[in-house]
Amino acid sequence: MSILVVGSVALDTVETPFGKRERTLGGSATFFSFSASFFDRVNMVAVVGNDFPPEHIELLKSRGIDTRGLRVLDGKTFHWAGAYGYDMNTAVTHSTCLNVFENFKPEIPEEYRKSDCVFLANIDPELQMGVLGQIERPRLVACDTMNFWIDGKRDALLKLLGMVDVAILNEAEARQITRQPNLVRAGRMIREWGPARVVIKKGEHGALLFGDDRIFAAPAYPMEEIIDPTGAGDTFAGGFIGHLSRAGNADWNTMRQAVIYGSVMASFNVEDFSLDRMKTLTEKEIRDRYREFVPLSHFE
Ligand code: AMP
């Protein structure tokens, strides 16, 4: 099985109460791919500028990620600058410089067109839709988004939601897009727009999975130290889709497991800046933390 991801590869400037990193490796497709690579084969489509350090591409390749779809164009790499206060659940964006993304039209290489699962990571929803027009109908299509696009491209986003099987959003995005403060209602509304399954991530408070008339409420891993939440959403999606792809099905129970794998991957990612913690992560650590989730919420 294989997973196609289309999203941003970025240089991020991030400030949290625990430090600051300038022009560090980031981007929705980066975090997703790195996380999903622990589960299945990942085909990446994105764009960077010629200022992008080649060692970052080597790092992705070292995880077996297929980067043939990563274009290097003349110009500057997408740059996002943001900060978190002590409430690490919401980032405050200081600047978004699209740079080479401004004129980017993702082209899906022939060898990626039959990927089983597709993750449309956070980029312009028009580009996300453009991807679906170029591929054979995959087993599963999931998408993510963020406030920047909900504000700027709401109509395109609603159209996109009509084309996907799973929408993965955080609680602020779910409230913003539905204009509905209650998350249970928001989850139901988003399902009515198209996706059969909706995941609403609630940061340190876990995640909700919505299906036909049922909800799975997963806890978050109780962490004593969160250094940098950037990429939590995408590493969650990487574990979630990675598990569904590896399992080869998307029934309710497998989806519930996928939410836990997503939470496991996100919990590791936030332990350090950028991909610094993910770089040293092992499969055994993933398995062990997954097992630690069982007693967290099991009762008779
Ligand atoms: P998250 O997993 O939600 O924390 O996403 C973090 C990543 O999203 C960062 O590494 C940013 O580079 C990337 N990002 C921020 N704004 C945008 C945007 N408007 N479009 C695409 N990617 C973005």
Side-chain angles (χ1 to χ4, degrees), residues 2-10 27-33 36 42-48 66 68-71 73 78 80 96-170 172-174 176-179 186-187 189-201 210 233-234 236-238 240-241 244-245 250:
S2 61
I3 305 165
L4 166 65
V5 57
V6 184
S8 59
V9 171
S28 55
T30 309
F31 285 110
F32 175 89
S33 304
V42 182
N43 301 322
M44 178 195 251
V45 172
V47 63
V48 290
D66 190 328
R68 281 176 294 175
L70 178 63
R71 302 269 310 275
L73 298 184
F78 173 83
W80 175 76
T96 301
C97 301
L98 293 177
N99 298 332
V100 285
F101 253 109
E102 201 121 33
N103 300 310
F104 178 59
K105 296 269 169 294
E107 273 169 44
I108 312 302
E110 188 59 44
E111 28 321 4
Y112 290 5
R113 292 188 184 180
K114 290 193 176 135
S115 305
D116 307 283
C117 295
V118 173
F119 183 61
L120 303 169
N122 173 27
I123 42 168
D124 184 336
E126 313 252 15
L127 299 186
Q128 292 174 306
M129 276 189 281
V131 171
L132 295 181
Q134 296 179 54
I135 53 177
E136 290 182 22
R137 173 70 199 164
R139 203 160 48 76
L140 186 110
V141 180
C143 77
D144 182 17
T145 191
M146 73 179 292
N147 51 8
F148 187 81
W149 305 114
I150 302 174
D151 278 340
K153 298 252 174 137
R154 187 185 158 82
D155 290 346
L157 198 51
L158 294 186
K159 198 164 160 201
L160 173 75
L161 287 173
M163 302 173 165
V164 303
D165 305 300
V166 185
I168 306 176
L169 302 97
N170 69 33
E173 292 154 359
Q176 189 188 355
I177 196 167
T178 57
R179 297 167 178 155
M189 272 178 82
I190 299 169
R191 285 193 67 236
E192 282 165 8
W193 290 333
R197 307 274 192 248
V198 173
V199 180
I200 300 184
K201 299 161 289 173
F210 296 86
D234 299 303
F236 176 98
F240 180 83
I241 304 289
L244 295 179
S245 178

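To the nearest 0.5 Å, atoms OG1 (Thr178) and CG (Leu169) are separated by 9.0 Å. Rounding to the nearest 0.5 Å places CG of Asn170 at 10.0 Å from OG1 of Thr145. Atoms CG and NZ, on Leu127 and Lys105 in that order, are 6.0 Å from each other to the nearest 0.5 Å. Note that NZ of Lys201 and CZ of Phe236 are 7.0 Å apart. Values are rounded to the nearest 0.5 Å. The distance from atom CG of Leu160 to atom CG of Leu120, rounded to the nearest 0.5 Å, is 6.0 Å. To the nearest 0.5 Å, atoms CD1 (Ile150) and CD (Gln176) are separated by 4.0 Å.
For residues 115-125, every residue pair satisfying the salt bridge (Lys or Arg N to Asp or Glu O under 4.0 Å) rule, not counting sequence neighbours, is listed here: Asp124-Lys153. Residue pairs meeting the ring pair (Phe, Tyr, Trp, His ring centres under 6.0 Å) criterion with at least one member in residues 109-164, sequence neighbours excluded: Phe32-Phe119.
More than 12 heavy atoms of other residues, nucleotides or ligands sit less than 6.0 Å from atom CG of Asp151.
A 4.5 Å side-chain heavy-atom check between Thr30 and Asp234 finds every atom pair outside the cut-off. Taking 4.5 Å as the limit, every side-chain heavy atom of Val131 sits out of range of all side-chain heavy atoms of Val45. Taking the side chain as every heavy atom from C-beta outward, Val42 and Val5 approach each other to under 4.5 Å. Here the side chains of Gln128 and Ile123 are in contact, with some heavy-atom distance below 4.5 Å.
A donor-acceptor pair under 3.5 Å is absent between the side-chain atoms of Arg113 and the main chain of Ile135, judged by distance alone. A donor-acceptor pair is defined here as one N or O able to donate and one able to accept, closer than 3.5 Å; no such pair exists between the side chain of Glu173 and the backbone of Asp144. Between the side chain of Ser245 and the backbone N or O of Ile241, no donor-acceptor pair lies under 3.5 Å. Judged by distance alone, with hydrogens and angles left aside, the side-chain atoms of Ser8 form a donor-acceptor pair with the main-chain N or O of Ser28 at under 3.5 Å.
What you find for Leu244 and Ala250 is that their closest heavy atoms are CD2-CA, 4.2 Å. Considering all non-hydrogen atoms of both residues, Ile108 and Gln134 come closest at N-OE1, 2.9 Å. The minimum heavy-atom distance between Met129 and Ala156, with the atom names listed, is CE-O, 3.4 Å. Considering all non-hydrogen atoms of both residues, Ala237 and Ile168 come closest at CB-CD1, 4.1 Å. The two residues Val198 and Ile190 come nearest to each other via the heavy atoms CG2-CG2, 3.8 Å. Considering all non-hydrogen atoms of both residues, Ala46 and Gly7 come closest at CB-O, 3.4 Å.
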Contacts under 3.5 angstrom, residues 136-143 side chains, donor-acceptor by atom type, not counting sequence neighbours:
{"from": "Arg137", "atom 1": "NH2", "to": "Asp165", "atom 2": "OD1", "distance (Å)": "2.9"}
{"from": "Arg137", "atom 1": "NH2", "to": "Asp165", "atom 2": "OD2", "distance (Å)": "2.8"}

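Legend: residues meeting side-chain contact (heavy atoms from CB on, under 4.5 Å) with Leu73, ordered by chain and number and at least two apart, are Val47, Arg71, Val100. Scanning for side-chain contact (heavy atoms from CB on, under 4.5 Å) contacts around Glu111 gives Arg68, Pro109, with sequence neighbours left out. Every residue two or more places apart in sequence or in another chain that forms a ring pair (Phe, Tyr, Trp, His ring centres under 6.0 Å) with Phe101 is listed here: Phe78, Phe104.
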